[in-house]
Amino acid sequence: VSLCKRRGFIFQAGELYGGLNGCWDYGPLGAELKRNLKDFWWRKTVQERDDVLGMDGSILTMEQVLVSSGHVGGFADPMCECPLTKQRLRADQIPQAEPGIEYTFHGARDLESGKVTEKQITILIPNGKQEMDRSAQKIAIQYYRELFGKNSKPTLGTKDGPLGLPDEAYTYQPGPRENGQYNPENGVLLSEPRMFNLMLKTNFGATGEQIAYLRPETAQSIFVQYKNVLDSNRIKLPFGIAQVGKSFRNEINPRNFTFRSREFEQMEIEYFCHPDDGMRLTDEWLETRLSFYEEIGIPREKLHILDVPDGERAFYSKRTYDIEYEFPFGIQELEGVAYRTDYDLGVHQKGAGKPLEYFDEETKEKFLPHVVEPSAGCDRTVLALICEAFDEEQLTDEKGKEDVRTVLRFKPTMAPIKVGIFPLLKKNEEQVRIAKDIQKQLQKWMTVFYDDGGAVGRRYRRQDEVGTPFCVTIDFDTLGESGEELKDTITIRHRDSMAQERMKIAALLPWLLERVR
RNA sequence: GCGGGCGUAGCUCAGUGGUAGAGCGCCACCUUGCCAAGGUGGAUGUCGUGAGUUCGAAUCUCAUCGCCCGCUCCA
């Protein structure tokens, strides 16, 4: 995180004003890195395949689209929280409380330290669970002590509040209250139901009367435009539609740097196919995606494949693989490959009242296509690239002096800067002129960085720290001081090995292009 | 949202009621013929923000924002 800020990869959004929770800005180098990832994904997914087309959908999304998809209903459940276990329960699924006696505690005193903690909690002990008032009280106190430990004693109180220091501990009234909801597992009175909707809503129109949502996933615009893409592109099943773009979720608790953000970018494919092919294609896409990660420099052994078991998958999914990466903060999901069946086209066909079936001319078969969805988190992958690239290398020089070299070992394809260009000595005008010529030449093809400040060794190390794979140095040999043979040659210094090789200036561009694209 | 920890220069951090600090980094000049050499000079802080206590607050109190950890959540 520190390196990211210091070298301009990632800053916190709104940092000047104290920061905006769950939002991040990419600085110059971060923007390059992210751009490289997205471009590479697009090239591999759209450009180099015959069966995938791209699109770029609107972020603002009609309410009806998200009603049909289930997001408006599914994401807007009222939830109640249990103050004892912190469990969250859907308010509409909590069973009615049985008759019983309700105990309210107002706090507890630690018997050793005498410290009093105030915390109100109400527990309903059903009539069936008690033989007499005293045993119900015991059960209540036992629950209560789970919160404060065995050495605590609940505070005395009345219905209206705590009276003083502990002895008898509670107030009670017979029977459940009219609007109260209790945790069926432990009888604890739950918090008031609150809406937990993960979608961000906005208004527009002259008077702001129209509602729109910021999309919670890029997928929906693909489903909604599926028929338009099909009709306008002379394409046959199976085929996919790919999209890279921002999505938004009102995450309750953003965490782990950019890993879980409220605004994030997705790289998604919705692959439409015949129902018989869905399971097979899901496995195929998993393999395709795994080799993608290998190509960008995330080794297979750092990836874990989770075959999400029954009961934990989304309700519409017949199979889901999570592709997870070993982040420093744990093994976490980079991408989900989900077989979504015909759920999405089904709900939109019904919701919009318009047929979305596909007619196969060859088999004369009419059916609703099924969908396989490889959905990758762009920001998460950028974070994985940085984590994977980061290295602190121990060096020992000829004099035996220890040194630590910070290196980001990005694959050249992903590296924000492809090549550093240095004149060996800033005061040598000829070296500077040649270096600037080379800079001009290479700039048309790739991101380069010109530097003439300080000793050349320091410049190499600065580039190591931002992951520049190659550095070119123009020296006295370039000028022909060691004879005609070395004239117009430069040295290329490799980031990972620190080794150097000499090369004609004319050979430089093709040599680099072969490696950095 | 709950519990705990934390917030001082770009970074890492010292500073427990009395003049705002160090190392590294950064900028300029000198030096430098290939791996963070050296020298000289320089810039940078509403001590996260707001309120309170005090003659006086980075330091004490409260609130708030943000970060980290554990829960929770994450179709």
Check every strand shown and say whether [X] touches a base, only sugar-phosphate, or nothing at a heavy-atom separation below 4.0 Å.
{"X": "A:Asp464", "answer": "nothing"}
{"X": "A:Phe11", "answer": "nothing"}
{"X": "A:Phe422", "answer": "nothing"}
{"X": "A:Glu481", "answer": "base"}
{"X": "A:Gly336", "answer": "nothing"}
{"X": "A:Gln431", "answer": "nothing"}
{"X": "A:Ser317", "answer": "nothing"}

Starting from [atom2] on [N], measure out to [atom1] on [X] and report it in whole angstrom.
{"X": "A:Arg262", "N": "B:C73", "atom1": "CZ", "atom2": "P", "result": "17 Å"}
{"X": "A:Leu425", "N": "B:C30", "atom1": "CG", "atom2": "C1'", "result": "14 Å"}
{"X": "A:Met199", "N": "B:A75", "atom1": "CE", "atom2": "P", "result": "13 Å"}
{"X": "A:Arg7", "N": "B:C24", "atom1": "CZ", "atom2": "P", "result": "17 Å"}
{"X": "A:Leu3", "N": "B:G25", "atom1": "CG", "atom2": "P", "result": "15 Å"}
{"X": "A:Glu335", "N": "B:C74", "atom1": "CD", "atom2": "P", "result": "21 Å"}
{"X": "A:Leu200", "N": "B:C74", "atom1": "CG", "atom2": "C1'", "result": "14 Å"}
{"X": "A:Asp477", "N": "B:G33", "atom1": "CG", "atom2": "C1'", "result": "9 Å"}

Distance check, [atom1] atoms only: [N] and [M], in whole angstrom units.
{"N": "B:G39", "M": "B:G4", "atom1": "C1'", "answer": "49 Å"}
{"N": "B:A75", "M": "B:C2", "atom1": "C1'", "answer": "24 Å"}
{"N": "B:G21", "M": "B:U64", "atom1": "C1'", "answer": "28 Å"}
{"N": "B:A28", "M": "B:U46", "atom1": "P", "answer": "24 Å"}
{"N": "B:U12", "M": "B:C67", "atom1": "C1'", "answer": "16 Å"}
{"N": "B:C60", "M": "B:G18", "atom1": "C1'", "answer": "15 Å"}
{"N": "B:G10", "M": "B:U49", "atom1": "P", "answer": "13 Å"}
{"N": "B:G66", "M": "B:A14", "atom1": "C1'", "answer": "23 Å"}

Any [X] side-chain nitrogen or oxygen under 4.0 Å from OP1 or OP2 of [N]:
{"X": "A:Gln12", "N": "B:C67", "value": "yes"}
{"X": "A:Arg462", "N": "B:C26", "value": "yes"}
{"X": "A:Lys5", "N": "B:G10", "value": "no"}
{"X": "A:Asn250", "N": "B:C74", "value": "no"}
{"X": "A:Arg458", "N": "B:C26", "value": "yes"}

Does [N] pair with anything, Watson-Crick or G-U wobble, both distances under 3.5 Å, and if so, with which nucleotide?
{"N": "B:G3", "value": "B:C69"}
{"N": "B:G56", "value": "none"}
{"N": "B:C29", "value": "B:G39"}
{"N": "B:A51", "value": "B:U61"}
{"N": "B:G17", "value": "none"}
{"N": "B:C11", "value": "B:G23"}

Do A:Tyr293 and A:Glu335 have a side chain donor and acceptor closer than 3.5 Å?
->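 Yes, side-chain donor-acceptor contact under 3.5 Å.
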Have A:Glu268 and A:Ser375 got a donor and an acceptor in their side chains that come within less than 3.5 Å?
->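 A pair is found: one side chain offers a donor N or O, the other an acceptor, under 3.5 Å apart.
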Want to settle it: does A:Arg313 or A:Cys23 sit nearer the 5' end of RNA chain B, counting the closest nucleotide to each?
->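 The 5'-side residue here is A:Cys23.
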Closest to side chain of [X], choosing from [options]:
{"X": "A:Phe476", "options": "B:C34, B:C29, B:G33", "answer": "B:G33"}
{"X": "A:Lys426", "options": "B:A36, B:C29, B:C74", "answer": "B:C29"}
{"X": "A:Arg249", "options": "B:C74, B:A36, B:G33", "answer": "B:C74"}
{"X": "A:Val456", "options": "B:A75, B:A36, B:C34", "answer": "B:C34"}
{"X": "A:Tyr460", "options": "B:C35, B:U32, B:A75", "answer": "B:C35"}
{"X": "A:Arg461", "options": "B:C11, B:A36, B:C34", "answer": "B:A36"}
{"X": "A:Gln500", "options": "B:A75, B:C69, B:C35", "answer": "B:C35"}

Within the modelled atom types, does a donor on one side and an acceptor on the other bring the side chain of A:Arg493 and the base of B:C34 under 3.5 Å apart?
->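 No, the side chain and the base share no sub-3.5 Å donor-acceptor pair.
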Are side-chain heavy atoms of A:Glu388 and A:Tyr325 found at a separation under 4.5 Å?
->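 Contact flag for A:Glu388/A:Tyr325 side chains = yes.
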Charged N to carboxylate O below 4.0 Å: is that the case for A:Arg462 and A:Glu465?
->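 Not counted as a salt bridge, because no side-chain N and carboxylate O are separated by less than 4.0 Å.
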For A:Lys504, look at atom NZ and say whether over 12 heavy atoms of other residues, nucleotides or ligands are found less than 6.0 Å away.
->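 Check passes, neighbour count above 12.
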Validate the cation-pi geometry between A:Arg515 and A:Trp511: distance from NZ or CZ to the six-membered ring centre under 6.0 Å, angle to the ring axis within 45°.
->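 Yes, A:Arg515 lies over the aromatic ring of A:Trp511.
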With A:Asp464, the salt bridge (Lys or Arg N to Asp or Glu O under 4.0 Å) member among A:Arg405, A:Arg458, A:Arg409 =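 One option only clears the test, and that one is A:Arg405.
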If you round to the nearest 0.5 Å, how far is NE2 of A:His370 from CG of A:Leu281?
->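 If we round to the nearest 0.5 Å, A:Leu281:CG and A:His370:NE2 are 12.0 Å apart.
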Evaluate the criterion ring pair (Phe, Tyr, Trp, His ring centres under 6.0 Å) for residue pair A:Phe259 and A:Phe329; output intermediate values, then yes/no.
-> CA-CA 10 Å; A:Phe259 182 82; A:Phe329 46 83; 5.5 Å; yes
